[in-house]
Every structure is written in structure tokens, then in C-alpha cells.
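Take a look at the structure below.
For ligands, and for the atoms within them, numbers begin at 1 and follow the listed sequence.
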Amino acid sequence: MPPAAAVVGRSVTRAFRHLSTQDLHTRRVEEAYRVVVECVAAVDPAMRLYMFGSTAVYGVHEKGSDVDFVALSKTDVEDGKGEDAATQVAKGLQAEFLGKLARVVRQRHFSWNVEEVRRTRVPVVRVKDGSSVDFDITVNRRNGVRNSALLRAYFEQDPPCRWLSMGVKRWSKRAGLNASVVGGSITSYGFNLMVVYYLLRRGALRFIPPAAIDVAQVPPVPPYLPLEPPRNDGAELGEQVLDFLQFYLHEFDAAHHVISLSRPGITTKEQLNWTKNAEDRARMNGEKINYQWCIEDPYELNLNVGRNVTPLKRDFLRRHLEKARETALLTAT
Ligand code: CTP
Ligand code: MG
């Protein structure tokens with residue numbers, strides 16, 4: 001017999017009890033923002049700096065979580081609904097800017113670890129300062145700001161839903177499913193798309209057209225969105241967790257359907273041409289693209305956020321979804 005929703009909810013709530021004594025205000029990362037602003041200005045004073053990722057999505061900053069920054073030009077911001085260039089030329093220019101930026105960061109903060117990562121889909125500079133906040137910096141790409149603002153706009157419709165997202169993210173890391181851990185295949189971003197898609201299918205959220213999100217309307221430093229403890233000791237959260245697992249185990253038709261926020265209703269693999277045939281041919285940076293577990297990126301053309309889910313990882317995901325009921329998302333001790 002799987003545990004009752006109330007038991008699951010209580011267990012997940014307990015796993016986050018350390019947050020009740022933490023300062024979750026986004027001002028805790030404003031210092032990092034200032035440091036990066038100064039370094040960016042040394043390379044090009046006309047560039048503007050935006051914070052995105054979990055701090056923007058949730059409107060809180062959890063201790064230990066990294067922060068994402070992107071430097072945007074005035075035109076990038078003004079054309080805030082524009083598509084990001086995905087060409088090799090654009091990538092080269094981004095890498096060049098980031099090379100200069102990395103040099104400045106190293107000069108000013110010589111004890112920090114500054115790494116230029118070029119082999120990824122998006123060139124990035126990764127900074128570890130050894131104590132407070134680690135961060136990633138990208139350039140001239142609006143999509144991260146837009147997709148974070150989109151996820152946030154959804155969570156603002158029902159702020160307690162952030163607990164489901166945080167519970168799922170924590171579980172995905174502990175279960176080894178999250179791309180940030182060895183062997184993992186879906187990013188936290190991908191899990192967030194899964195959470196919001198589930199809530200949309202249940203009618204718990206109203207659909208937001210991704211095209212409505214305009215960088216020109218997004219604040220560069222995300223405002224704080226206070227996080228109240230789960231209601232009734234997590235009773236509703238427990239229901240939601242079990243229902244989320246039920247949805248992805250037994251209702252979502254992974255063989256034919258795509259997890260998508262791009263349009264209301266159902267999106268099929270056929271519609272996107274994410275078929276067996278395409279799978280056999282598609283490559284990205286030399287790596288195979290899988291269409292086993294499909295998550296459509298709302299802004300990136302023809303990008304499956306679940307592309308690293310191989311048939312083996314798909315089985316792994318299913319087994320973990322099954323186990324997650326008994327373990328209350330791996331929170332039961
Ligand atoms: N992102 C993206 N495309 C991806 C992965 C990430 O655009 N394929 C962007 C998203 O804007 C996302 C941000 O990068 O919000 C950070 O991604 P990630 O670290 O996966 O999510 P977080 O919510 O920051 O989770 P964590 O706490 O694990 O860092
Ligand atoms: Mg992050």
C-alpha cells in the first residue's frame with residue numbers, strides 16, 4: 001500500500017524545514033550581481049546584465065544554488081521577443097566576448113576559479129568564488145531570461161506550486177536523474193517544464209503563450225516572491241506529488257506525446273516530426289538526439305530538452321517515478 005497523501009506531504013515538507021530559518025530574499029545575490037556588472041562594464045559599458053535561472057523562476061534564492069547571468073545589448077533588450085541566433089558565427093562572437101570577460105574576472109578576482117566552456121550548445125563562463133555564490137555567465141541570449149520569466153509567470157499564478165517544483169528538483173538530483181549529477185539526463189529546467197505541463201493538463205494553471213514574454217518587460221534582478229510554508233502540514237502538496245507521479249507513470253503518453261508549453265492542449269511527436277526516423281539521423285555536437293521522452297523548449301526551435309533520455313534512461317526514470325511514491329520523493333527517512 002502506498003503511503004497516504006498526508007504522509008507524503010508531511011515528509012516532503014520536513015525535507016525543506018531548513019528553509020524556514022534561511023533568508024531566501026533575492027537581495028542575497030545582489031552582491032554577486034554587482035560584481036558581474038562591474039566586470040561586464042569593463043568589457044563593454046553598454047551591455048546590460050540579467051539574472052535568470054532558479055532565482056528568477058522561484059523569486060527566492062536557496063543557499064548553495066548557483067546563479068545564472070546573461071549580458072545583453074540594448075538591441076537584445078529592445079527586441080525582447082526576438083529569436084536568439086543559433087549560428088556558429090553567433091556562437092563564435094559570444095565566445096569572444098566571454099573570453100574578454102573571463103580575463104577581467106580573473107584579473108580582479110584572482111583567487112576565483114574561472115572556466116570558459118565552449119563545447120556546450122551555449123558558450124558560458126563558469127565562476128566559482130570558493131565561498132558564497134557560484135555563477136554562470138552567457139551573452140546575447142534572451143531565451144534563458146524569457147523561459148525563466150515564463151516559468152515564473154506560471155508559478156505566480158499559484159505560488160505554492162513552487163513546492164512541487166522544488167520537491168521534484170530535489171528528488172531528481174538525489175535519484176541521479178538530474179543532468180547536474182553524473183549519469184543524469186534531464187536538467188532542472190526540464191523538470192520545471194514537466195511540472196508546469198502537468199499542472200496545465202490538470203487545469204491548475206492557465207495557459208500563457210510563450211510569445212507574450214518580452215525581455216523588455218522583465219526586471220534585470222528578479223523581485224522577491226515570499227515562500228510560505230506548505231499549507232496544512234503539506235496535505236495538498238502530498239496530493240499533488242502523488243498525482244504528479246500518477247500523471248507521468250500512467251497518463252502521459254510518452255510514446256506519442258510531447259511535454260510542451262508552446263501551445264495549449266496536446267502536442268504530438270508526429271506534429272514536431274520527432275519520430276523514429278528523425279531520431280536515427282539527428283545529431284547535436286556529434287551526440288545522438290533521443291525522442292524517447294520529449295520536452296519541447298518553448299523558445300528554442302526544434303529543441304528537445306529531453307534529448308539525452310536514452311531508452312535505458314527512460315526505464316531508469318520510470319523505475320524512479322514508481323519508487324518515488326513509497327519514498328515520498330526520496331524524503332522519507
Ligand atoms: N536553461 C535553458 N535551456 C536548458 C537548460 C537551462 O534555457 N536546456 C536555462 C533556463 O533559463 C533555466 C536556467 O538555464 O532557468 C538554469 O537552468 P538549471 O540550472 O537547469 O535550472 P535551475 O532552476 O537554476 O535549477 P538548479 O537549482 O538545479 O540550478
Ligand atoms: Mg541554476
Of S165, A56, A149, S54, the one whose closest heavy atom lies nearest atom 24 (O) of ligand 1 is S54
If you take the nearest heavy atom of each of Y189, F191, Y299, F52, which one is closest to atom 17 (O) of ligand 1?
Y189
Select one of side chain, backbone, both or neither to describe which atoms of [X] lie under 4.0 Å from any atom of ligand 1, heavy atoms only.
X    : result
V305 : neither
K173 : side chain
R121 : side chain

Taking distance alone, with no angle check, do [X] and ligand 1 share an N/O pair under 3.5 Å?
X    : answer
D66  : yes
K169 : yes
D297 : no
V57  : no

List the atom of R146, the atom of K81, and the distance in Å for their closest heavy-atom pair.
NH1-O, 3.4 Å
Any donor-acceptor N/O pair, R106 side chain to V114 backbone, under 3.5 Å
yes
Atom indices of ligand 1 within 4.0 angstrom of [X] heavy atoms, with elements:
X    : answer
G144 : 11 (O)
S148 : 11 (O), 15 (O)
T187 : 20 (O)

When you measure from atom 19 (O) of ligand 1 to the protein, is at least one non-hydrogen atom found at a distance under 4.0 Å?
no
W274 and its side-chain hydrogen bond (donor to acceptor under 3.5 Å, both in side chains) partner, picked from T268, N304, N302:
N302
Strictly below 4.0 Å, N to O, side chains only: are [X] and [Y] in salt-bridge contact?
X    : Y    : result
R319 : E322 : no
E300 : R141 : yes
D44  : K100 : no

Side-chain H-bond candidate by donor/acceptor type, N192 with S165, under 3.5 Å:
yes
Judged by modelled atom types alone, do N178 and S180 share a side-chain donor-acceptor pair under 3.5 Å?
yes
Looking only at N, O or S atoms in D66, which is nearest to the Mg ion (ligand 2)?
OD1
Please assess V37 against F69 for the test side-chain contact (heavy atoms from CB on, under 4.5 Å), listing each intermediate value before the final yes or no.
CA-CA 10 Å; V37 162; F69 291 111; over 6 Å; no
Identify the residue among V195, V196, D243 that makes a side-chain contact (heavy atoms from CB on, under 4.5 Å) with L164.
V195
Checking side-chain contact (heavy atoms from CB on, under 4.5 Å) between L72 and each of L49, V139, T138, V77, which is the one that passes?
V77
What protein heavy atom sits nearest [atom], and how far off is it?
atom                    : result
atom 21 (O) of ligand 1 : S188 CB, 3.4 Å
atom 10 (C) of ligand 1 : N147 OD1, 3.1 Å
atom 16 (C) of ligand 1 : D68 OD2, 3.4 Å

Would D136 count as a contact for the Mg ion (ligand 2), in the sense that one of its N, O or S atoms lies under 2.8 Å from it?
no
